[in-house]
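A quick write-up on the structure given underneath.
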There are 2 protein chains.
Amino acid sequence: MEKKVPTIKEIAKKLNISVSTVSRALHDHPSIGLRTKMQVQKLAAEMHYEPNQTAIRFKQGKTFTLGLILPNLREEYFSSVISGIEDIAFKNNYNVLIGQSHDSLSREQKIVETMRKHRVDGVLVSISKETTGIDHFKQLDKYNIPVVYFDRVPDVPGIHSVWCSLYNSTIEAVEFLFSNGRRSVGFIQGPLSLNIKNERLGGYLEAHRKNNIAVNEALIVTTDLSKAATEESAEKLLSLMERPSAILAFNDQVALDTIQLAKKKNLKIGKDLCVVSYANWPITSYLDSPPLASVEQFPYEQGSRAAELLFKLLDAGTSAEAIPFENIVLESKLVVH
Amino acid sequence: MEKKVPTIKEIAKKLNISVSTVSRALHDHPSIGLRTKMQVQKLAAEMHYEPNQTAIRFKQGKTFTLGLILPNLREEYFSSVISGIEDIAFKNNYNVLIGQSHDSLSREQKIVETMRKHRVDGVLVSISKETTGIDHFKQLDKYNIPVVYFDRVPDVPGIHSVWCSLYNSTIEAVEFLFSNGRRSVGFIQGPLSLNIKNERLGGYLEAHRKNNIAVNEALIVTTDLSKAATEESAEKLLSLMERPSAILAFNDQVALDTIQLAKKKNLKIGKDLCVVSYANWPITSYLDSPPLASVEQFPYEQGSRAAELLFKLLDAGTSAEAIPFENIVLESKLVVH
DNA sequence: AGAAAACAATCAAACGGTTGCATGATTTGT
DNA sequence: ACAAATCATGCAACCGTTTGATTGTTTTCT
């Protein structure tokens, strides 16, 4: 009844040779004779031998596993990131262990701990919206586990990162609105921790400067991404005496909540109010009044680039020197619907 | 420079005792004296000792990892399932290794292989739409890896499964349409492999029987879930001489594609045509013309129940007898918007 | 006081594979 | 024909932890 999986030992016994010979034969080691090599490989195939990964991981002191920490899997954005990462990981014969922080710092801390205990070989992180420092990632250094931050990157020096610059696209987005005759553009910011290098705001301001349009501070509001907070901020904008004729929203979720509210107030989207945002959700194509345009951030590519960088670090780690901190910046792109 | 993680051996050396004593002391083994136990635990804490999971996994012949195979992470439905599974896994100190089949049989087969090689302790599967048999899961038997199917369950005997019955909800959904005066209800079926026990169709027919309404075969069409196929089928329905006044769609994605097409044909949703479907996507609340109702299938609960069942199998596996095949059926619920 | 019982700690094997070093056999060079 | 070089294989340690069997010491019982 009890099924037994064949081991290298049994192969050795059946052929009356030593385990080391079998091991080397299976690895095509040059010092093994052709005859034995063939014999071993033939028998191994017949017995359906498969190396015990658990043993190898143990012996090599590596888990061949990457840890991936991200806010959630629900957002299409992150599931695309995963595909990018998995493809690279798969090529390197690595597994990916996923942990969702659900945008909570304490959960993120727990996950880091789990990853450390699991002895993953490296970690990829997109930080939670509550995360401001990276102290809880420091513990990984002691275990020589390299970390690559992506997408939501903490604003501190001395890290490896991959992210997507929003500056140029934001300028483009705002100018797109200007050129459509909408010179009063509201801006709903996200949580401070997620404003990578403040690029959204920077682009927003620069677009105004370039076009000689004065910035109205009252048009800049903030949300923590919860529906309630977004509605409150949108309400602020929409009830201004000089109501903006367009809104730049932190992302498509914020855009949807804003549009929903605007409709309740009987504003015609596309006429009374135009909305542009970030993320470029596919689902928006099903909406009657979607954002007019959205900034695509190429999650798949961010994921794969981040994974590539991590593997580079892993390779270097085995050999010699510390790699200088690398920060890869991709360009985003405004997609007009 | 090279950081070293402390091991049980070093603790033993520092205290001049044997490794076995240390091991047992850390596990609170009764045959270790209180004094030594305290000493060991104190020193272990000071040195920040942490057991090497890799070694333990190897020694115990267990990976403390569950394999989870599902079509994709993009669908909100499946990300909820994951949460349900992760919560249970976490309670049992297990990790979850995720593989996406992307609804392709060949990918699914590869993933099963990966999981086997990785020697996961158990597997949870929601099959791809191309999957009809379960031959490729048979290899797991040889490794004593139990499998629990959930949600998309293959229609074969001799398996453990957790799924959500749609029969009653379908009857309710169709009757809901009838009671709204819509007696001509089209039905867009999904891929045959996903029609668990044909419950949607069964419910559809039963609702007609109960209400003495004749079934019009022309009103029953099929899609493979691709947008093109859905549109083709929807087109078939909407261009009938006797156009149905309502449609029961396989899921919310199909519903959205159908609604989009209907709008293009200038039909008023909610007036000329009512749509009900399955899945209950949260995003539909942002639509101007969402499905009128949707059947909620409780993904979180399905995930957690499936994981619980798997752990039950794992526990039993270590001890004695084979567990009789268990099939847990949950009830779905019609949610009217 | 002497045997039995309870306690505390150690020894050593085992898990499955990898790898540096040693050994024996065969071939090559002169 | 004999030393040297080359080739093929085996030995044994090792990775970190767990655990059954064993030894040695102390307490308890009669």
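Per chain, numbering begins at 1; letters A, B, ... match sequence-line order.
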Walking along DNA chain D from 5' to 3', note the first and the last nucleotide with an atom under 4.0 Å from a heavy atom of chain B, and give both. D:dC15 to D:dA21

Within-4.5 Å side-chain heavy-atom neighbours: B:Val123 and B:Val148: no

Got a sec, which residues hit side-chain hydrogen bond (donor to acceptor under 3.5 Å, both in side chains) with B:Glu10, two or more places apart in sequence or on another chain? none

Covered region of DNA chain C, 5' end to 3' end, by chain B [heavy atoms, under 4.0 Å]: C:dA8 to C:dG16

Quick one: side-chain hydrogen bond (donor to acceptor under 3.5 Å, both in side chains) partners of A:Ser128, sequence neighbours excluded? A:Thr131

Who are the side-chain contact (heavy atoms from CB on, under 4.5 Å) partners of B:Arg107, not counting sequence neighbours? B:His102, B:Ser104

Please output the side-chain donor-acceptor pairs of residues 89-96 of chain A that fall under 3.5 Å, not counting sequence neighbours, one pair per line with the distance.
| residue | atom | partner | partner atom | Å |
| --- | --- | --- | --- | --- |
| A:Asn92 | ND2 | A:Ile88 | O | 2.9 |
| A:Tyr94 | OH | A:Asp121 | OD2 | 2.9 |
| A:Asn95 | OD1 | B:His118 | NE2 | 3.3 |

Comparing A:Gln60 with A:Lys9, nearest DNA chain C nucleotide closer to 5' gives the residue A:Lys9

Student check: side-chain heavy atoms of A:Ile159 and A:Val153 closer than 4.5 Å: yes

Using a 4.5 Å cut-off on heavy atoms from C-beta on, say whether the side chain of B:Trp163 contacts that of B:Ile328. no

Output all residues satisfying ring pair (Phe, Tyr, Trp, His ring centres under 6.0 Å) with B:Tyr149, sequence neighbours left out; order by chain, then residue number. B:Phe137

Quick test of your reading: applying ring-ring contact (aromatic ring centres under 6.0 Å, His included), list the pairs with at least one residue in residues 10-55 of chain A, sequence neighbours left out, ordered by first then second residue. none

State which residues pass side-chain contact (heavy atoms from CB on, under 4.5 Å) with A:Glu301; sequence neighbours excluded, sorted by chain then number. A:Phe298, A:Ser304, A:Arg305, A:Leu330

Under 4.0 Å, heavy atoms only, any strand: does A:Thr36 hit a base, just the sugar-phosphate, or nothing? sugar-phosphate

In residues 13-34 of chain A, what residues come within less than 4.0 Å of DNA chain C, judged by heavy atoms? A:Ser20, A:Ser23, A:Arg24, A:His27

Evaluation steps, side chain to side chain contact (heavy atoms under 4.5 Å, CB included), between B:Ile8 and B:Leu26: CA-CA 9 Å; B:Ile8 224 174; B:Leu26 291 170; 4.2 Å; yes

Find which nucleotide of DNA chain C each of B:Ala55 and B:Arg35 is nearest to by heavy atoms, and output the residue with the more 5' nucleotide. B:Arg35

Tell me, do A:Met47 and A:Lys14 make a side-chain contact under 4.5 Å, heavy atoms counted? yes

For B:Arg152, which residues count as a side-chain hydrogen bond (donor to acceptor under 3.5 Å, both in side chains) partner, sequence neighbours excluded? B:Asp103

Terminal axes of the helix from C:dA1-D:dT30 to C:dT30-D:dA1 (five pairs each): angle between them, nearest 10 degrees: 50°

